[in-house]
Amino acid sequence: MKYARPRGTQDILPPDVFVWRRVESVFDETFESFGYEPVRTPVFESTDLFLRSVGEGTDIVSKEMYTFTDRGGRSLTLRPENTASVIRAYLESGMHRRAGTTRVSYIGPMFRYDRPQAGRYRQFHQVGVEAIGTLDPSIDVEVIDVVMSGLERLGFSGLDVRINSVGCRVCRAAYGVILRRALGAVKDELCSDCAERAKRNPMRVFDCKHCTGLTGDLPRISDHLCDECGAHFEKVRSYLQSLGRANEHDPTLVRGLDYYTKTAFEIVHDSLGAQNALCGGGRYDDLVEQCGGPSTPAVGFSAGLERIISVLPQGITDEANAETHTDVYVACVDEVSAGRALQVAAVLRRYARVEMDVTARSLKKQLKGAEKSGVAVAVIVESASPGVVKWKDMAGRTQVEIEDERLADYAGKNLDKLKRR
Ligand code: AMP
C-alpha cells in the first residue's frame, strides 16, 4: 500500500458508520428535547483563542495542538476542543445580546497530538452542549442530565458520575498558595512534569498518573471553597439527588482545561480501562469575559464518540445495522432495458431504499445477490416483457406482473406495508 491513514486517525466505514449515524442522531434528538440548538464552527481557529482559553500551562496547549502557519502568515490551530470556538462564535455573532440562557449543541471532529492508544486518538469526535448565561446550579444539573439522558437512550445504565468543585478565581487563588506550599514539601518526589505544574498550574498535579502516591495527602480544593462556591456545590448535589441521579464526590477531579470554575464532572465506564472517561464537563464562568465579552456564566460537557461507541450496548448496534438494508433491488437483465430500469428505480425511490444492479450479471446471479443482501422485494425489468415489471416478494417467494402505469400506485401500497412488517 502506498498510503496509509495518519497515525491516531480512523476510517469509519460501513457497517460501523451506520452505528455512528445512529449514535449521533440519538444525541441530536436528546439535545433538541432539552431545547439546545445545534451550531457548527470551523475546525480551525486562530491559535491565540486556545492559548488564552484552554490555558498555556495545560497539556493540550503545551504538547498536543496541531498548529500551523497558513499562506497568509497567520498561526492557526485545529481545534483540540470546541468550547472556546463556541464562545468565540457566540460573541462574534452577537448571541450574547439575547436575554436568558443560550443553549447550543455541537458534534464534530477534534484534534490532539496525543500518544495513540486504546480510546485515545489524534482525530476524535465529540458531542457536547454549552448553556451560556445562567449561574443557577440547576443549569449545571441540566447539563449532566442531558448527557446522561443521551447515554440512557443509547441503552447505557449504571454509569458513574464523578463530581467536584474546582472553585472560583477567588478561592482557587487562596487554595493555590496552600497547595504550592504542600507541593514544595514533596518537590523532590514529583515527576518532571509535575515539578513544572507546581509552579504554573498546581491543581493539574491531581491528574498525573505518575504522582498518584503523593496526591492522596495533598490539601484538596473542596476543603477550601469560598462560601459561594461551597453553597453552589451543595445545591448541585442536592438537585442531582432530587432527579435521582447518583453521583460520587471525587475531590481529586480537576479536569485538564484551565477555564473550569465551580462544578467539574466526568462520566466513566468501568470497562474502558485507563481511558475510562466517556464525558467531561463543568462550569466556566470566566471564559466569555476572557474572550472579550461581558462577564457571563456558562456550563457545558463534551463526550467522546469513539469511547461511547467502543462500549455501546448491543441493542443499539443491532438497530443501526437493521436500518442499513436496502428495501428493493431492481434487476435489469439486458442493456436495452437499462433506461427503463432507471425510470423504475426512480419511481420506487419515492417509497423505499432502492439499489439497482448495473453489473449485467445473469438474472439468477442478480437474484441471488438480492437475497443475500436481505432486500424485501426484487423488481425485474427485461426487454422480453415490455410495459410490465416482475415484482418478486423475497420473503413470500411470490411473483406478480405489474404494468408500468400501475407501478407507482402498487409500490406505494406494498412498500409501505413492508416497512411495517
Ligand atoms: P476533554 O475535552 O479532555 O474534557 O475530553 C472530553 C471527552 O472527550 C473525554 O471524556 C473522552 O471521551 C473524549 N476524548 C478526549 N480526548 C480524546 C482522545 N485523544 N481520543 C478519543 N477521545 C478523547
Side-chain angles (χ1 to χ4, degrees), residues 5-12 16 20 23-24 27 41 43 45 49-50 53-55 57-66 77-87 105-130 143-144 146-148 150-151 154 156 159-164 166 201 203-204 206-209 250 252-261 263-284 287 298-312:
R5 59 178 188 269
R7 200 162 127 74
T9 66
Q10 290 194 99
D11 296 312
I12 306 166
D16 298 347
W20 275 75
V23 171
E24 288 166 9
F27 275 112
T41 57
V43 295
E45 298 275 355
L49 175 68
F50 301 117
S53 57
V54 175
T58 61
D59 284 358
I60 294 180
V61 166
S62 61
K63 300 181 188 164
E64 298 172 4
M65 295 213 301
Y66 278 92
T77 293
L78 297 183
R79 61 184 182 192
E81 59 96 54
N82 210 26
T83 301
S85 308
V86 168
I87 296 303
S105 66
Y106 62 83
I107 212 158
M110 309 294 155
F111 308 85
R112 292 183 195 172
Y113 190 82
D114 213 339
R115 196 168 58 80
Q117 52 181 292
R120 202 183 268 286
Y121 299 92
R122 289 184 174 168
Q123 174 173 333
F124 58 99
H125 298 77
Q126 287 184 335
V127 291
V129 304
E130 313 295 351
V143 163
I144 295 172
V146 173
V147 59
M148 286 300 284
L151 291 166
L154 289 170
F156 284 99
L159 294 169
D160 288 338
V161 180
R162 296 194 185 150
I163 188 162
N164 194 21
V166 294
N201 201 348
M203 259 164 73
R204 303 282 311 125
F206 287 103
D207 255 359
C208 179
K209 300 272 179 287
D250 178 352
T252 63
L253 182 90
V254 292
R255 315 273 304 115
L257 302 94
D258 273 0
Y259 52 63
Y260 284 112
T261 53
T263 314
F265 67 92
E266 273 183 4
I267 296 169
V268 298
H269 193 284
D270 283 344
S271 67
L272 274 172
Q275 308 302 326
N276 66 355
L278 292 183
C279 163
R283 184 165 271 289
Y284 50 94
L287 184 59
V299 54
F301 82 80
S302 62
L305 287 179
E306 283 76 5
R307 290 192 200 165
I308 290 173
I309 287 168
S310 72
V311 286
L312 203 59

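By convention here, the first residue in the shown sequence is residue 1. Just so you know, ligand 1 is whichever comes first in the structure, and atom 1 is the first atom listed for that ligand. Computation of the quantities below employed the complete heavy-atom set of this structure, encompassing side-chain atoms and omitting hydrogens, waters and symmetry-equivalent molecules.
Residue contact check: Cys279 has heavy atoms under 4.0 Å from atoms 10 (O) of ligand 1. With ligand atoms numbered from 1 in the order given, ligand 1 contributes 10 (O), 12 (O) to contacts under 4.0 Å with heavy atoms of Leu278. Proximity to Ser302 (heavy-atom distance under 4.0 Å) selects the following atoms of ligand 1: 2 (O), 6 (C), 7 (C).
For atom 4 (O) of ligand 1, the nearest non-hydrogen atom of the protein is Arg255 NH2, 2.4 Å. Counting protein heavy atoms only, atom 8 (O) of ligand 1 is closest to Gln126 NE2, 2.9 Å. If you check which protein heavy atom lies closest to atom 23 (C) of ligand 1, you get Phe124 CD1, 3.4 Å. Counting only heavy atoms of the protein, atom 3 (O) of ligand 1 lies nearest to Arg112 NH1, 2.9 Å. What sits closest to atom 20 (N) of ligand 1 on the protein, heavy atoms only, is Tyr121 N, 2.9 Å. Atom 13 (C) of ligand 1 has its closest protein heavy atom at Gly304 CA, 3.6 Å. Protein heavy atom closest to atom 11 (C) of ligand 1, with residue, atom name and distance, is Arg307 NH1, 3.4 Å.
Listed here is the closest heavy atom pair of Val43 and Pro109: CG1-CG, 4.2 Å.
When the heavy atoms of Gly119, Gly281, Ala118, Ala277 are ranked by distance to atom 9 (C) of ligand 1, first place goes to Ala277.
The CG atom of Leu305 sits 6.0 Å away from atom CD1 of Ile107, with the distance rounded to the nearest 0.5 Å.
Tested against His125 for a side chain to side chain donor-acceptor pair (under 3.5 Å), the candidates Gln10, Arg307, Glu306 yield a single pass: Glu306.
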Evaluate Asn82 against Thr41 for side chain to side chain donor-acceptor pair (under 3.5 Å), listing each step before the verdict.
CA-CA 8 Å; Asn82 210 26; Thr41 57; 3.2 Å; yes

One pair to check against salt bridge (Lys or Arg N to Asp or Glu O under 4.0 Å): Glu266 and Arg255. What are the steps and the verdict?
CA-CA 9 Å; Glu266 273 183 4; Arg255 315 273 304 115; 3.2 Å; yes

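Using a 4.5 Å heavy-atom threshold, the side chains of Met65 and Val54 count as separate. Side-chain contact between Tyr284 and Thr263 is absent, with no heavy atoms from C-beta onward closer than 4.5 Å.
The environment of Tyr66 atom OH is dense: over 12 non-hydrogen atoms of other residues, nucleotides or ligands sit within 6.0 angstrom.
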